[in-house]
Amino acid sequence: MIVIAVLAVVAVGLLVYLAVDPAGDGGATDDAALAETPAAAATAGELGIERRHDDDPFALGDPAAPVALVVFSDYRCPFCAKFSRDTQPVLEDRFVEPGTLRIEWRDYPLMGEQSMLAARAGRAAAEQGRFWEFNRAVYAAAPERAKAEFTEQALIGFAEQAGVADVDRFTADLRGDGFDAAINADVALANSIGVPSTPAFLINGTPLLGAQPTEDFVRAIDDARAGR
């Protein structure tokens, strides 16, 4: 994974880090950055990127936390899995539990129909209050470099592992299209702000792209909390 230079982004002075290709093709460099769009001059709150809803099944932490980390992710992305396994647990212990950080998930299924199927499965698990358990189970089993491969049966297995109570209901939800509008709304949001790949993160509106080292996230959260 190659970290490339830092780009300055429009009037808000956001810093954008160029990231590795999330497709798992051997670490090829993706030199795309967040696009400069009319929306780029607005804050994350003004854009509706941070929801801050109470009882949001796709969020961890206090809705009033001073720092929000919005995650755009694809279940097939190996670098999304790396963030989930290596970095997110550290951030949960260090920042979420004390009330400093809120983490909010956004679906960004870029890698074909299996990605969309997995996004539906995540939302089917959320309907039964087991989203993060499902999310962690999927990423814990992901390959280190290649794209994950999903069948219906594999996703049902992750749901069972995550403690989803009504597997028949989960399966019906997985096979339906009832979540597609919400998933597509996340995709439209990502496209509207120029998110080029997964994983992508906004920390109080400041973009960070790729599975960067955990210390980079810690530093960015500390800076956001200090208003830097």
Side-chain angles (χ1 to χ4, degrees), residues 1-9 12-35 44 49-50 58-62 65-108 110-111 115 132 135-148 190 193-228:
M1 189 173 63
I2 303 172
V3 180
I4 314 175
V6 177
L7 296 178
V9 219
V12 283
L14 305 181
L15 296 180
V16 178
Y17 294 88
L18 305 182
V20 293
D21 180 0
D25 59 359
T29 299
D30 178 357
D31 57 3
L34 285 180
I49 296 169
E50 297 170 12
F58 306 102
L60 294 169
D62 187 345
V67 183
L69 171 63
V70 179
V71 182
F72 292 88
S73 198
D74 183 321
Y75 284 106
R76 299 190 70 199
C77 164
F79 301 118
C80 300
K82 178 176 175 59
F83 170 80
S84 174
R85 290 192 299 255
D86 298 348
T87 298
Q88 185 167 320
V90 175
L91 302 185
E92 289 182 33
D93 289 343
R94 185 163 177 175
F95 298 110
V96 174
E97 288 300 323
T100 300
L101 180 68
R102 178 173 174 84
I103 298 175
E104 296 189 353
W105 167 275
R106 304 290 180 266
D107 283 303
Y108 200 25
L110 295 175
M111 301 179 188
S115 293
W132 288 106
N135 184 287
R136 294 182 186 108
V138 171
Y139 281 140
E144 289 288 335
R145 292 284 179 181
K147 298 175 187 175
I193 60 174
V195 175
S197 60
T198 57
F201 310 89
L202 288 171
I203 302 173
N204 278 11
T206 298
L208 186 66
L209 302 186
Q212 306 296 345
T214 299
E215 54 267 28
D216 286 6
F217 286 91
V218 170
R219 186 181 308 112
I221 292 165
D222 282 337
D223 286 347
R225 178 171 51 177
R228 295 193 292 266

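- Separating the CG atom in L91 from the OG1 atom in T100 is a distance of 11.5 Å, to the nearest 0.5 Å.
- Remark: side-chain polar atoms of N204 are paired, donor with acceptor, to backbone N or O of P66 under 3.5 angstrom.
- Considering all non-hydrogen atoms of both residues, P199 and A211 come closest at CG-N, 3.8 Å.
- Residues D222 and F95 are in side-chain contact: their nearest non-hydrogen atoms beyond the backbone lie under 4.5 Å apart.
- Between the R76 side chain and the S115 main chain, no donor and acceptor come within less than 3.5 Å of each other.
- Nearest heavy-atom pair across G99 and A65 is O-CB, 3.5 Å.
- The distance from the CZ atom of F72 to the CD atom of E104 is 10.0 Å, given to the nearest 0.5 Å.
- With values rounded to the nearest 0.5 angstrom, W105 atom CH2 is found 8.0 Å from S84 atom OG.
- Note: Q88 CD to L60 CG = 6.0 Å, rounded to the nearest 0.5 Å.
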Requested in this report: Under the side chain to side chain donor-acceptor pair (under 3.5 Å) rule, what do Y108 and S197 come out as? Steps first, then yes or no, please.
Outcome: CA-CA 9 Å; Y108 200 25; S197 60; over 6 Å; no
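- Just one residue in the list L209, T87, V71 forms a side chain to side chain contact (heavy atoms under 4.5 Å, CB included) with F201, and that residue is V71.
- Counting only heavy atoms from C-beta outward, the side chains of F217 and V90 never approach each other to under 4.5 Å.
- The main-chain N or O of L110 is found under 3.5 Å from a side-chain atom of D74 such that the two form a donor-acceptor pair.
- Using a 4.5 Å heavy-atom cutoff, the side chains of E50 and L69 are not in contact.
- R102 is not listed as a side-chain neighbour of V67, based on a closest heavy-atom distance of 4.5 Å or more.
- Taken to the nearest 0.5 Å, the OG1 atom of T206 stands 12.0 Å off from the CZ atom of R228.
- Residues C77 and Y139 share a closest heavy-atom pair of O-CE2, 4.3 Å.
- Between the R85 side chain and the A142 main chain, a donor and an acceptor come within less than 3.5 Å of each other.
- Using a 4.5 Å heavy-atom threshold, the side chains of M111 and T198 count as touching.
- E92 has its side chain out of reach of W132: every pair of non-hydrogen atoms, C-beta onward, lies at least 4.5 Å apart.
- The closest side-chain heavy-atom distance from R106 to V70 is below 4.5 Å.
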